[in-house]
There are 2 protein chains.
Amino acid sequence: MNSTAKSCAALAKQLTDSGLRPTPQREVVFKVILEKRDHPTADEIYVRVKSQMPTISLATVYNCLETLVHCGLVRQVNLERAPTRYCPNLHEHAHFHDDTTGQVHDIELPADTIKELRKLLPIGFDANTVELAFRGRAASDPHGSN
Amino acid sequence: MNSTAKSCAALAKQLTDSGLRPTPQREVVFKVILEKRDHPTADEIYVRVKSQMPTISLATVYNCLETLVHCGLVRQVNLERAPTRYCPNLHEHAHFHDDTTGQVHDIELPADTIKELRKLLPIGFDANTVELAFRGRAASDPHGSN
DNA sequence: TTCCTGTTTAGAATTATTCTAAATCCATGT
DNA sequence: ACATGGATTTAGAATAATTCTAAACAGGAA
Ligand SMILES: [Mn+2]
Ligand SMILES: [Mn+2]
Ligand SMILES: [Zn+2]
Ligand SMILES: [Zn+2]
């Protein structure tokens, strides 16, 4: 009944609802993303997945990631021109990219932050996505937020 | 005494102050970025620059852009995984990426917006960059903001 | 002029990602 | 059970933005 178990169960339903199959590859990729929420890259996910499913290919990891993103189960995080990272946190949140360590931290936002930011748009602009990213240095262990 | 003339004059000073030379290539790349503030990519800049300086190379355009960014004369704008764009607007501002047209619009922000966003960071986080980007659709001519 | 260093240039290299086409899987209909 | 067809996986090739390399070039100082 931890977040991983619950969300893994949700995976099959979500995929089936989208007319897609809950394949072992999709399940293991999703599980790996839930297990260590450190915003891994496709390559990092590939390495982690291979330890459980040594025959999986990198192309399949990319395919699975695209599927999970399209189903809304995983968020895609692009910072600068670095390799794309993947995030299972579906709450509205920002990202903090630590220059020094390269780590990416989730920054939880007050409930109305994104709504307020949308209001800054001039009339005629309609945003379906708002992305907020910080870059700088984080204290060595900023009270456990990865 | 328009913004282009003023900033072009500033270029030589800014470069010299950084111990760099105000070369013709750097000047024409900067001029092109000021002339049409539509957040062009390196390739688009290359094409525009070649019409004035046909012998310039793409590598030089990249080199000049890196120099201009490092001197703080131009902002680098990364949206999704699209090619990097370049922006001469040095005010604090956000970007709106129009899915339909591919255009990028500047969104001017109230004076304290970025400061307020910084306050959302937990203690221990110190951001030297805050990036805010919207994606969606803009009205065909949102009162002239490119 | 000669020297020194920064700059430009063409082309090769890198690398994240996407594409291609062939195998494999699997739900469904017979 | 078996056959069929579409979805999925896979290896490897291809793509494309950017960076790197190494050789020419430029221009100020000695
Ligand atoms: Mn997509
Ligand atoms: Mn840089
Ligand atoms: Zn996240
Ligand atoms: Zn801008």
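Just so we're on the same page: letters track the sequence lines, and every chain starts at 1.
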Consider the side chain of [X], meaning its heavy atoms from C-beta on, and name the nucleotide among [options] that approaches it most closely.
X       : options                : result
B/Thr55 : D/dT10, C/dA16, C/dT9  : C/dT9
B/Tyr62 : D/dA11, C/dA16, D/dT18 : D/dT18
B/Arg21 : D/dT8, C/dT7, D/dA17   : C/dT7

To the nearest Å, give me how far apart [atom1] ([X]) and [atom2] ([N]) are.
X       : N      : atom1 : atom2 : answer
A/Glu44 : C/dA16 : CD    : P     : 11 Å
B/Tyr46 : C/dG11 : OH    : P     : 10 Å
A/Leu20 : C/dC25 : CG    : C1'   : 15 Å
B/Leu15 : C/dG6  : CG    : P     : 15 Å
B/Leu58 : C/dT9  : CG    : P     : 11 Å
A/Leu79 : C/dA16 : CG    : C1'   : 15 Å
B/Glu80 : C/dT17 : CD    : P     : 12 Å
A/Ile56 : C/dA23 : CD1   : P     : 21 Å

For a quick test of reading the model: is some side-chain N or O of [X] closer than 4.0 Å to OP1 or OP2 of [N]?
X       : N      : answer
A/Arg81 : D/dA17 : no
A/Arg26 : D/dT8  : yes
B/Thr60 : C/dT9  : yes
B/Thr84 : D/dT18 : yes
B/Thr23 : C/dT8  : yes
B/Gln25 : C/dT9  : yes

Heavy-atom closest pair (A/Leu20 atom, A/Cys71 atom, distance to 0.1 Å) is CD1-SG, 3.9 Å
Please work out which of the three classes, parallel, tilted or perpendicular, describes the rings of A/His39 and A/His93, given edges at 30° and 60°.
tilted
Under a 4.0 Å threshold between the charged nitrogen and the carboxylate oxygen, would [Y] count as salt-bridged to [X]?
X       : Y        : value
A/Glu80 : A/Arg135 : yes
A/Arg75 : A/Asp106 : no
A/Glu27 : A/Lys31  : no

Ranking B/Ala59 and A/Met53 by the position along DNA chain D of their nearest nucleotide, the one closer to 5' is A/Met53
